[in-house]
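One is the number of the first residue; the rest follow in order along the sequence. Because the structure is predicted, anything quoted here is derived from the model rather than measured.
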Amino acid sequence: MEDELALLIPIIAILMPVFIIWTVMYFKHQDKKLHQMSGDEIAELEQMSKVADILDQRVAVLERILDDEVPKWREKND
């Protein structure tokens, strides 16, 4: 029994770091795979970004109009 235990401890000591490294590498690979986007997804994201920029410009214009027409509108609505 003691001979088996004496053999088992070094084997576990060798295999544990290998198992830990393998597990970390596996999950890093899964994370990279999850975050890769296809060409269609990239094109859709770029289109949504352009729409967001246009909407941002429109909001800025509306805020400027409100600043000219109703000078204290920000104070009233905060």
Side-chain angles (χ1 to χ4, degrees):
M1 178 74 175
E2 290 180 16
D3 292 337
E4 294 170 355
L5 187 60
L7 183 63
L8 192 60
I9 291 173
I11 291 173
I12 290 174
I14 292 170
L15 290 180
M16 282 302 288
V18 172
F19 176 74
I20 291 170
I21 291 170
W22 179 81
T23 304
V24 168
M25 298 285 282
Y26 173 78
F27 283 109
K28 280 186 178 181
H29 175 71
Q30 292 297 321
D31 190 49
K32 284 182 182 178
K33 204 165 78 172
L34 180 67
H35 288 87
Q36 290 178 345
M37 291 192 293
S38 69
D40 291 339
E41 291 171 328
I42 292 172
E44 186 177 356
L45 184 61
E46 288 174 353
Q47 182 180 3
M48 287 189 292
S49 177
K50 289 177 185 176
V51 169
D53 289 339
I54 292 169
L55 291 174
D56 187 47
Q57 290 172 359
R58 288 182 180 181
V59 167
V61 168
L62 289 172
E63 287 180 341
R64 273 188 264 134
I65 292 171
L66 277 172
D67 286 338
D68 292 341
E69 299 290 323
V70 185
K72 295 186 180 183
W73 70 272
R74 291 181 195 262
E75 296 170 5
K76 294 176 186 176
N77 293 311
D78 283 341

Gap between atom [atom2] of [Y] and atom [atom1] of [X] - 0.5 Å precision:
| X | Y | atom1 | atom2 | result |
| --- | --- | --- | --- | --- |
| Leu15 | Ile20 | CG | CD1 | 11.0 Å |
| His29 | Tyr26 | NE2 | OH | 8.5 Å |
| Leu66 | Glu63 | CG | CD | 8.0 Å |

Minimum heavy-atom distance between Ala6 and Pro10, given as atom pair plus value: O-CD, 2.9 Å
For Glu41 against Ser38, the heavy-atom pair lying closest together: OE1-N, 2.8 Å
Heavy-atom distance under 4.5 Å between the side chains of Val61 and Arg64, does that happen here? yes
Can you confirm whether Gln47 is buried at CD, in the sense that more than 12 heavy atoms of other residues, nucleotides or ligands lie under 6.0 Å from that atom? no
Crowded around Met48 CE? As in, over 12 foreign heavy atoms under 6.0 Å? yes
Would you kindly confirm whether Leu8 and Met16 end up in one hydrophobic cluster when ILVMFWY residues are joined by side chain heavy atoms under 4.5 Å apart? yes
Okay, side chain of Ser49, backbone of Leu45: is any donor-acceptor separation there less than 3.5 Å? no
